[in-house]
Amino acid sequence: MLSRRLMILATLAGSLFLAAARPAHAEDSGNPKQFVSNLADDAITLMTSSGLNDAQRNDQFRKLFVGSVDLPVVGKLVLARYWRIATPQQQQEFLKLFEDMLVLTWSNRFKDAAGNVTFHVVDVRPDVDQGVLVDSQILREKQQPIPLIWRLRQTDGNWHIIDLIVEGTSMVFTYREEYASVITQNGGKVEGLLNAMRRKVAQLSQSRPGAAAP
Amino acid sequence: MFGSNPATTTLVAMALSIGVLAGCADAPPESDPEARAEWKRLNDPLEPSNRAIFDFNMAADRRVMKPVAQAYEHYVPQYGRDRIHDFLDNLRAPLTFANDVLQGDVDGAVQTFIRFTFNTGFGALGLFDLAGEGGVPYHSNDLGATFAVWGAGEGPYLVLPILGPSNPRDAIGMAGEFFVDPFDYRVGQVGQTWAVYARAGSDGIDRRQAALAPLDDVERNSIDFYASVRSLYRQHREAEIHHRDGVAVPEPGYNLTSAKDSEISRETN
């Protein structure tokens, strides 16, 4: 069906956001490499630590996630031109649902990946807009490493994730094309996307009890 | 995508004719330049027929390919699957080498040559990827990529029956490889055509097995599975052809400065 590497995407996508959780304690905000590897460490600790039930784990994951991803910017980039035709109310609801979607998706993926992969930061290089790209690798036993690039921007003096690029595949771009398609199929109405997202979030929360937002 | 095989040619021809026969999606009106730009970027004027073929593929997958791949995963241990996978990779090496050369990729060609001779000789006809363990990694290459390097455009997005996401350039490349694959050619010559089918079948099962978890994941987490797969496939294929080092990163494709003002635009590729 699809190319093998493409298939790998989702798996690694799982491991991407494993690193996308941010600890509650203050980071060394000046060093993007440190920011990324701290995230990975904290997320691994969270996902493998005993003594937490599923609900607590999901709750903590959400906190880390929201703290390290610049969700408003990512949301705008994903909704793109539809952001402007959305009402302020729709914009807010979109951001909330998008957060739920991401947290549910990535926490599930991360749980599956934790223990099967290791992660290491390779390099950091400058990006446009005073941002940086952090090159990292996901290592799996006896298989070629998967390159994962983090696109970071500084907001209020702290680094935040605005995109993840796995083997040339941008998370933001993929969501944008998917959501544009959903909106088009709903007669160009943002409400159609919001309805579909509500259903998806409900469905995903059901399959992992306790994962939904309180 | 799949290795070359006789069925490929038929399927490609079928898909191309279905694409032509089926109605095209209507482009947005001139009065909406943004919608037109988006439509152009998605590169899917045959979306209605592509979606129909995609649904057909998924139905066929649920009934046949997926259960077979699951059984393969269940009954054949990892070690055995690795041997089969390495063997199939090695069978493709001559074609990969030819494409490396056609693209002027000297490093790639040298690597493929070393891998093929070493793995065929010392790795029990390719059952063991010793070269890979020795630091000469596998890379894929194909005729569609060669056409791309030579400057051919991909053409509209195309979902092929059974074979999945593609485009005319890659579909023609895939069909073309069928006629020049040394292994298929040779076994055909000595009247052992069954081996061509056996190889194509094993290749399909090997790939589908590797895709089991990831594809389930994408399906579970998307609202529009078709659109997600289309986007992932096209981005990945683009990177595979133009950013082989895995280091190059696509342009952001979005204007962050203006994103802050909610004025988001994406330049065309």
Side-chain angles (χ1 to χ4, degrees), chain A residues 1-14 73 76-77 79-81 83-84 91 101 104-105 108-109 112 123 127-129 131 133 135 142 144 147 149 151 153 162-163 165 167-170 172-182 184-185 188 193 196-197 199-200 204 207, chain B residues 1 34-35 38 41-42 57 61 65 82 132-133 137-138 140 162-165 206-208 210-218 220-224 226-233 235-240 242-243 246-254 256-257 259-260 262-266:
Chain A
M1 309 293 313
L2 302 165
S3 93
R4 184 167 53 245
R5 284 215 219 152
L6 168 56
M7 288 311 124
I8 292 168
L9 280 180
T11 313
L12 39 119
V73 166
K76 280 180 201 173
L77 291 171
L79 211 52
R81 67 196 186 91
W83 180 265
R84 272 172 286 140
Q91 291 175 349
M101 286 275 297
L104 285 163
T105 300
N108 285 352
R109 284 176 177 173
D112 297 340
D123 201 8
D127 189 23
V128 295
D129 281 345
L133 296 166
D135 289 301
K142 292 185 74 178
Q144 286 186 47
I149 301 167
R151 186 162 250 145
R153 291 291 180 281
I162 62 159
D163 200 3
I165 300 141
E167 290 195 306
T169 310
S170 145
V172 163
F173 196 32
T174 308
Y175 274 119
R176 176 187 298 190
E177 294 203 332
E178 184 194 359
Y179 289 177
S181 175
V182 175
T184 306
Q185 299 214 318
L193 172 67
M197 289 176 84
R199 283 195 298 273
K200 196 67 187 180
L204 289 172
S207 60
Chain B
M1 315 294 313
E34 277 194 323
E38 184 179 274
R41 197 181 65 241
L42 289 175
N57 285 351
D61 182 64
M65 281 87 84
D82 286 349
E133 284 171 27
Y138 168 83
S140 64
I162 308 298
L163 302 174
D206 172 54
R207 284 164 194 249
R208 188 62 186 92
L212 281 173
L215 195 57
D216 280 352
D217 181 289
V218 174
R220 185 177 63 233
N221 292 300
S222 18
I223 295 172
D224 187 338
Y226 171 86
S228 292
V229 168
R230 177 179 62 194
S231 182
L232 287 168
Y233 169 77
Q235 291 181 72
H236 181 260
R237 182 68 177 150
E238 172 74 14
E240 189 174 56
H242 297 294
H243 305 287
V247 173
V249 64
E251 284 302 301
Y254 31 72
L256 283 164
T257 319
K260 282 157 196 153
S262 320
E263 290 280 336
I264 302 133
S265 66
R266 177 177 167 102

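Keep in mind it's a predicted model, so treat the numbers as computed, not measured. Here is the naming used below: chain letters follow the sequence lines, and residue numbers restart at 1 for every chain.
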* Which answer fits B:Asp82, side chain, backbone, both or neither, if we ask what part of it has an atom under 4.5 Å from a heavy atom of chain A? -> side chain

* Asked: OG1/A:Thr169 to CG/B:Leu232 distance, rounded to the nearest 0.5 angstrom?
  -> 6.0 Å

* **Interchain contact, A:Tyr179 with chain B, by part (heavy-atom threshold 4.5 Å)** => side chain

* To do: Measure distances from B:Arg220 to the heavy atoms of chain A and classify the residue's part below 4.5 Å as side chain, backbone, both or neither.
  => both

* **A:Arg176 CZ to B:Arg41 CZ distance, which is reported to the nearest 0.5 Å** => 6.0 Å

* For the atom pair OH (A:Tyr175) and CG (B:Asn221), what is the distance rounded to the nearest 0.5 Å? -> 6.5 Å

* Could you pull out the closest heavy-atom pair between B:Gln235 and A:Ser170, with the gap in Å? => OE1-N, 2.8 Å

* Heavy-atom proximity to chain B below 4.5 Å, by part of A:Met197 -> both

* Could you give the distance from CG (B:Asp224) to CD (A:Glu177), rounded to the nearest 0.5 Å? -> 11.0 Å

* Structure fact -> A:Ala180 and B:Glu38 have their tightest heavy-atom pair at CB-OE1, 3.6 Å

* Between B:Ala227, B:Ser228, B:Ser222, which residue shows the highest count of heavy-atom pairs closer than 4.5 Å to chain A? -> B:Ser222

* Asked: A:Gly168 and B:Ala239: which non-hydrogen atoms are nearest, and at how many Å?
  -> CA-CB, 3.5 Å

* **Test item: A:Glu178 and B:Ser231 side chains (from C-beta on) under 4.5 Å apart, heavy atoms** => no

